[in-house]
Structure formats: C-alpha cells, structure tokens
Amino acid sequence: MLPLITTLVLVFATIPRCFSIWPIPRSFKSGNQILKLSNSFDISINFTDPPQDLLDAVTRTMAFIQTDQLGRLTVGRGSSDSDAFGSAQILNRLMLTLELDASAPQPIATEAVAALDARDESYSLSVQSDGSTGVVSANTTLGLLRGLSTFEQLWYTYNGTIYTNYAPVTIINDSPAYSFRGFMLDTARNFFSVSDIKRTLDAMYLVKINTFHWHITDSQSWPIQIDKFPELAQAGAYSANQSFTPEDIQDVVSYAGERGIDVLVEIDTPGHTAIIGASHPDYVACYLSDWVTFAGEPPAGQLRLADAAVANFTAEVLAAVAKTLPSTIFSTGGDEVDTACYAADGPTQTMLNETGRTLFEALDDFTATTHGTLHALGKTAVVWEEMVLEYNTTTLRNDTIVMVWISSDDAAAVVQKGYRIVHAPSNYFYLDCGAGEPLGNDPTGNSWCDPFKTWQESYTFDPLANISSDQVSLVLGGEQLLWTEQSGPENLDSIVWPRAASSAEVFWTGDTLPDGFDRVGNISEALPRLHDVRYRMVQRGIQAIRLQPEWCALRPQVCDA
C-alpha cells in the first residue's frame, strides 16, 4: 500500500485541471495561458437604459473580484504562476451584450420570477488570452447575471495580482439542465432574521440556485405579519421581534430578485397549523392535545378542514400573502395530515357525518377552495407528495407542482400520474439529518432521516432515475432543505454551505461534465472546486464549513489557504 501522502499526490495528479467555478459550465474550452486583470478593469454595457439591478450586479461583481482573494488550490498556491506575470497580457474590459431585442431590457428581478418554462438563464462568455475585450452575451439580463457569476469565479489572486491561468476561456450557450434549482429554509421552528436570509441569498447567487423556498410558518410559530390578519402573528410569533413585517417580506423578495432568485413562499395547510389555534382555537382540531398521539412533533393541532368557514378563512390568508408576491408559484404544503387527530375530533366528525363525506373528500373540497383562490391570482400551486400519493386529492390541477420528499423512490409514482415534480428527497437532500432525534428519548441518535447527508451523497443524485423518456419534461429540478428544529442563525452557514451547492451542480450541469465524463463518477474532480467556492463564500461573509478530510492536517497546502 502506498503511503497516505503519496496516494494523495497521485489522486490530485489525476484530477484534470479545472475551473474554480461552481457549478461547472455545461460546455467550455480553455487554454493554459496567464491573463492578468488590469488595475483599472471595467465592466461596460453595450445597450441603452440597462435596468438598475443589472448595474448593481456589475458593481457587486467588480467588488467580488477584488475581495475574493482566492489562491489556487495547489502547493504554493500561485507561486508557480508568478514567473509568467511579467509577460502576461492584461484584460482591461468586459462587455455585456444582449443578443435579442435590447431596446427595452427587463430588470433581472422581473425575469427571475417568470414562469419556469419561460425563464431564460443561458449565456455565453469569451475571454481571450491577448487582452482583448471579454464578452458576456445573453438573451436576457438574467442570463447576463449568470454570466457575471461565472466570470467572477475565473480569477485567482497571488501577491496582489489578480489573474487566471487558463486563458483563453470560451463558454458557449451555458444554460441549466433544469429550470428549478432551490434551497428551502424553515423560519418557523427557529426564527431567522432578514440579514440571515440575505446572507443565504448571496450564497445562492454565487452557485446559481434560483429559488428560495421559504417555509415561513409551522405549528411552532407564525412569524409572518399580515395586515388583514394581524392576530395571527400577534398570538403566534415567538415575540414581537421575531416576526416578518410586510416590508421585511418585500425586502427579501427584492433582494432575491436582484440576484436572479425567485421566492417561493410556503404556508403549510391543513397540517402544521397548530399555532393558528393561539388566535383562532375553534379553527384547529386537537389543539395542544397529546402530540405523541396526534402529531409528529409538538405541538399538536391542525386546521378543521371539513369546516367550510375554516377553508374560506385559510383561502383568504393565503391570498393576502400571495397577492403581494411576484412569483408565479405558491406552496400550500399539504403534508403529514394526521388522520388520528381528525378521527378523534368531535366537530370534524359531526361535519363529515352531516355532509356525508369522507375525510379525504373533505380535503378535496378544502383544496379546491384554497387553490381556487390562488389560481384566481394567477398562481400555480405547489404541494408535498402526500397530496398525490396518499390522499389522492382529485381537485389538484394538472399544472400543480409536487415536491417529492419522503423518498427519492416516490418520484416515478408522481410523474406517472402526470404531475410535474421537484426533487426534495430526505434520503439525499435533507441538510438537518444526522444530528439525532430532536424529540429526545433516543439515546442511539438514530432518527428516521439519519445518517448525515454528505455533499458527496447529494452530488451523486440522479434526477431521472426510474423516469421514462416521455416523462423527462415533468422533472423540473430539485432543492436541498433545512428543517430547523435543531438549527438557528448561529449554525445556518456551516450546516448549509457548501453542502447545498452540491445539488446546484446536479441541476445546472446535469449528468455529464463538460469533459464528457459522468458526474457521478467524478467526485474527486468536484472536490477542489467545492473547496474554492467554500473559500469565496467565507470571503463574502458566509462562514461556510471547512471541507477538511483528516489528511488535510498532513498537507495543508492542498486543502486551505
């Protein structure tokens, strides 16, 4: 057996020289020449009246290039390149250009919330080795933003010199393999401030994640203030300082939109709603009852879905929030309906008997009411998989988007029913798994979703496993998720990043890397690039966890700055 250090050197020697970019473009050509960035480098726009959020994006890119200060992930960092600095050409300018009609360019934020099938994130990038003007071209300002994200990751720094060592670079028609690339944050179990969310959005921008799935309420707290229903947050937020005002919501939406990110808000119903009982106790079954019997975790309670008044109230709440959001999609949840609770709830049983309905027929009616209100606002409903696979909800429209979470094996059954899906499987993408049971009385620490989901595991995910060729169009993409029973602002960055970036490459680059090799079989190639994106995140104020195998202590030059 070879010594450990010798083995590591051989492993790294077999990794092809690669970009520090994440996600890696779907196709590219590059050389091996040094190109330096001018001290007076500038990014210009060759069309009139560029939207303000594109101008702001240019300003951010200029700042990131100066402050990332990333050294090459190799022994000596950039010392082997410095001998060529004196004779290297200098890049003075990058030009942004729109390929289609540039007479009335749309803001990035507008294009970021377009319907998924109408969103265009494609771009091309060219950086020559002779120092001539670089070009990012796209059909949309959203595409230009994606090109800027790639361009700012081309650069290393050594002793104050900003340079790339793989000029010329040509990326033609880079575009996502899947339109939905998300990250979900639960802000109900524990509260996260607007600044926490913005920091997360900054990381999402860097790796081209385009959807912030905001699980904003749950049984534990109701932190969203709604003008029409002020009592919900007044009674349901952990405190007055732990709630989101309408201005906070718009602040997050605007910040996300400027970074090419759509905000998918979820108000989970009819389950996960015990907190509504704090202000409307008559609307909630099993309110504060024995949670071991009537809920997956405390507190127990869920909306009395068989009551038409409750359905109408719920629809009005959803509408009050949805109408303030530019996104075309809105999630009503629908997971983990506790049938034992409804069976034991007298008012629910009385209403079912009076109307001659089963529980799931009543759920059908509840869904028709709540989704009907969203449809009237032009929104597409998003639900969890039980609505299709367990409850057989017949009032779901064909355009409903279904999130598959219980197991990746369930995806095929959902698309078989003709629904579009977003992959969110707990066995690959749950970032909270591996910390043991949050409910106590489990000394083995072996909860239902353990073990810890490593970035390598999520990186090997196959979005089309067991999906037939005629069903491929129903797979919209996927997301990684953080449920926060055991997470808060203090560990948000380290538990999410850079692990959540793994699925960003799964759903942007697809199954095949640009060199033609299979993604799943090339985790070694991905590791140094993920180190680089982690370093950039830290430099940008996102304190991502260090990816340090044990051998990093033996060869720190290979692992970290």
Side-chain angles (χ1 to χ4, degrees), residues 22-24 26 112 115-117 119 121 146 175-186 200 203-205 207-215 260-264 266 327 329 331 333 335 380 382-386 388-389 400-416 419-433 449 453-467 471-483 496-513 518-520 523 526 530:
W22 195 282
I24 197 165
R26 299 181 73 187
L116 287 168
D117 58 359
R119 205 174 293 174
E121 301 178 78
R146 301 301 181 224
S175 61
Y178 297 90
S179 59
F180 189 108
R181 306 175 309 283
F183 168 69
M184 190 222 75
L185 180 64
D186 161 20
T200 302
M204 292 169 61
Y205 155 76
V207 296
K208 298 182 175 66
I209 293 177
N210 70 351
T211 306
F212 175 54
H213 177 182
W214 194 352
H215 184 89
I261 299 168
D262 192 6
V263 177
L264 165 61
E266 177 186 354
S327 180
I329 52 180
S331 177
D335 62 316
T380 296
V382 180
V383 299
W384 297 107
E385 66 174 79
E386 293 100 314
V388 172
L389 297 184
T400 302
I401 297 171
V402 180
M403 290 196 164
V404 177
W405 72 274
I406 295 175
S407 170
S408 57
D409 294 335
D410 296 339
V414 177
V415 298
Q416 188 65 38
Y419 290 102
R420 297 179 296 169
I421 66 167
V422 168
H423 288 291
S426 58
N427 55 323
Y428 281 91
F429 289 161
Y430 270 29
L431 297 168
D432 51 301
C433 296
C449 75
K453 311 306 178 192
T454 66
W455 75 265
Q456 294 98 325
E457 184 168 11
S458 54
Y459 190 74
T460 64
F461 182 73
D462 179 4
L464 300 180
N466 301 315
I467 304 295
Q471 297 168 336
V472 168
S473 63
L474 297 175
V475 181
L476 299 179
E479 66 177 24
Q480 286 179 268
L481 311 88
L482 180 62
W483 302 103
V496 173
W497 305 112
R499 273 197 299 160
S502 59
S503 64
E505 185 154 293
V506 170
F507 294 109
W508 178 282
T509 310
D511 295 337
T512 305
L513 297 176
D518 177 57
R519 166 178 48 80
V520 174
I523 295 176
L530 200 58

> In Å and rounded to the nearest 0.5 Å, what is the CH2 to OG1 distance from W455 to T460?
Replying inline: 10.0 Å
> Is any side-chain heavy atom of I467 closer than 4.5 Å to a side-chain heavy atom of V415?
Replying inline: yes
> Would a distance-only check, ignoring hydrogens and angles, find a side-chain to backbone donor-acceptor pair under 3.5 Å from E505 to I24?
Replying inline: yes
>> N466: which residues meet the side-chain hydrogen bond (donor to acceptor under 3.5 Å, both in side chains) condition with it, sequence neighbours left out?
In response: none
>> I need the minimum non-hydrogen distance between I523 and V520, along with the two atoms involved.
In response: CG1-O, 3.8 Å
> Can you find a pair of side-chain heavy atoms, one from L482 and one from F183, that are under 4.5 Å apart?
Replying inline: yes
> Between the side chain of D335 and the main-chain N/O of E386, is any donor-acceptor distance below 3.5 Å?
Replying inline: no
>> As a quick check of understanding, evaluate side chain to side chain contact (heavy atoms under 4.5 Å, CB included) for L474 and I421, giving each step before the final call.
In response: CA-CA 6 Å; L474 297 175; I421 66 167; 5.6 Å; no
> Taking the side chain from S503 and the backbone from E479, do they hold a donor-acceptor pair closer than 3.5 Å?
Replying inline: no
> Do the side chains of I329 and F180 get nearer than 4.5 Å, heavy atoms only?
Replying inline: yes
> Should the pair H215 and W483 be assigned to parallel (<30°), tilted (30 to 60°) or perpendicular (>60°) ring geometry?
Replying inline: perpendicular
> So which heavy atom on G477 is nearest to which on Y178, and how close?
Replying inline: CA-CB, 3.7 Å
>> Return the CG to CZ distance between L185 and F212, rounded to the nearest 0.5 Å.
In response: 5.0 Å
> Taking atom CG of L481 and atom OG of S426, what is their separation to the nearest 0.5 Å?
Replying inline: 9.5 Å
> If you look at every heavy atom in A424 and Y430, which pair is closest and at what distance?
Replying inline: O-CE1, 3.5 Å
>> Any heavy-atom pair between the side chains of P463 and H423 that's under 4.5 Å?
In response: yes
> If you round to the nearest 0.5 Å, how far is OH of Y205 from CD1 of I261?
Replying inline: 10.0 Å
> Within a strict 4.5 Å, meaning less than it, do heavy atoms of the P425 and F461 side chains meet?
Replying inline: yes
>> Out of the candidates W384, W405, F429, only one should pair with H213 under the ring-ring contact (aromatic ring centres under 6.0 Å, His included) rule; please name it.
In response: W384
> Measuring from L431:CG to S502:OG, what's the distance to the nearest 0.5 Å?
Replying inline: 8.0 Å
>> Please give me the minimum heavy-atom distance between A504 and P23, naming the atom from each residue.
In response: O-CB, 4.0 Å
>> If you apply the rule side chain to side chain contact (heavy atoms under 4.5 Å, CB included), what do you find for E457 with Y428, and how did you get there?
In response: CA-CA 6 Å; E457 184 168 11; Y428 281 91; 4.1 Å; yes
>> Does Q416 have more than 12 heavy atoms from other residues, nucleotides or ligands lying within 6.0 Å of its CD?
In response: no
> Which distance, rounded to the nearest 0.5 Å, do you find between the CG of L116 and the OG1 of T380?
Replying inline: 8.5 Å
> With a 4.5 Å heavy-atom cut-off, do S175 and R26 have their side chains touching?
Replying inline: yes
> Nearest heavy-atom pair of A112 and D262: which atoms, and what distance?
Replying inline: O-CB, 3.5 Å
> Between R146 (side chain) and G260 (backbone), is there a donor-acceptor pair under 3.5 Å?
Replying inline: yes
>> Are the side chains of K208 and P176 in contact, using a 4.5 Å heavy-atom criterion?
In response: no
> Between the side chain of R519 and the main-chain N/O of D462, is any donor-acceptor distance below 3.5 Å?
Replying inline: no
>> Give me the atom names and distance for the closest heavy-atom approach of I209 to A500.
In response: CD1-O, 3.8 Å
> So L264 and M403, side chain to side chain contact (heavy atoms under 4.5 Å, CB included) or not? Walk me through it.
Replying inline: CA-CA 12 Å; L264 165 61; M403 290 196 164; 3.8 Å; yes
> Tell me the salt bridge (Lys or Arg N to Asp or Glu O under 4.0 Å) pairs involving residues 175-185, sequence neighbours left out?
Replying inline: E121-R181
>> Determine whether N427 and S407 satisfy the following criterion, side chain to side chain contact (heavy atoms under 4.5 Å, CB included), listing intermediate values before the conclusion.
In response: CA-CA 6 Å; N427 55 323; S407 170; 4.2 Å; yes
> Just by distance, do the side chain of E385 and the backbone of I406 share a donor-acceptor pair under 3.5 Å?
Replying inline: yes
>> W508: which residues meet the ring-ring contact (aromatic ring centres under 6.0 Å, His included) condition with it, sequence neighbours left out?
In response: none
> With distance as the sole test, does W497 use its side chain to make a donor-acceptor pair with the main-chain N or O of A203 at under 3.5 Å?
Replying inline: no
